[in-house]
Amino acid sequence: MIVFFFLMIALVVVVAAVTLAVIGGGSEAVLPEAEPDRVADGLPEARPVVRADIDALRLPVAPRGYRMAEVDDVLERLAAELAERDARIAQLTAAAAGSTAPADATDRVDLGKGGER
């Protein structure tokens, strides 16, 4: 019998608290407006991204954050691939500038079993 009265009192308290919360809120927002999630990423807008930009990039950590080691690994891989790409582009540009072959000539590549392309 005592448990029943305790449960009834608890139920009345919960219903009253919910009612006051709904009525008391009125037309005002319960939570303040959220600020934008994104911040400036620090990457250049006026030129292509290079490895140094990725090396200097630091992402902010929020309370629910990210796994820093994983993101750092991805950024490190991205920076290495950008550096490799830039080196390859520079190499091909230098080879094209130094080439004196006619434009219609094609390079032959050995495919491994004596075949040529």
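Just so it is clear, the values below take in all heavy atoms, side chains as well, and ignore hydrogens, waters and symmetry mates.
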Notebook entry, point to check: From L78 CG over to D73 CG, what is the distance, rounded to the nearest 0.5 angstrom?
Noted result: 12.5 Å
Notebook entry, point to check: In terms of hydrophobic clusters joined by side-chain contacts under 4.5 Å, are V49 and L75 together?
Noted result: yes
Margin query: Would you compute the distance between atom CD1 of I9 and atom CZ of F4 and round it to the nearest 0.5 angstrom?
Written below: 10.5 Å
Item checked: Set of side-chain hydrogen bond (donor to acceptor under 3.5 Å, both in side chains) partners for D55, sequence neighbours left out -> R51
Review item, side-chain donor-acceptor pairs of residues 79-96, under 3.5 Å, at least two apart:
| residue | atom | partner | partner atom | Å |
| --- | --- | --- | --- | --- |
| E81 | OE2 | R77 | NE | 2.8 |
| E81 | OE2 | R77 | NH2 | 3.2 |
| R88 | NH1 | Q91 | OE1 | 3.1 |
| T93 | OG1 | I89 | O | 2.7 |

Item checked: Test side chain to side chain contact (heavy atoms under 4.5 Å, CB included) applied to I54 and E76, step by step -> CA-CA 8 Å; I54 301 297; E76 193 172 303; over 6 Å; no
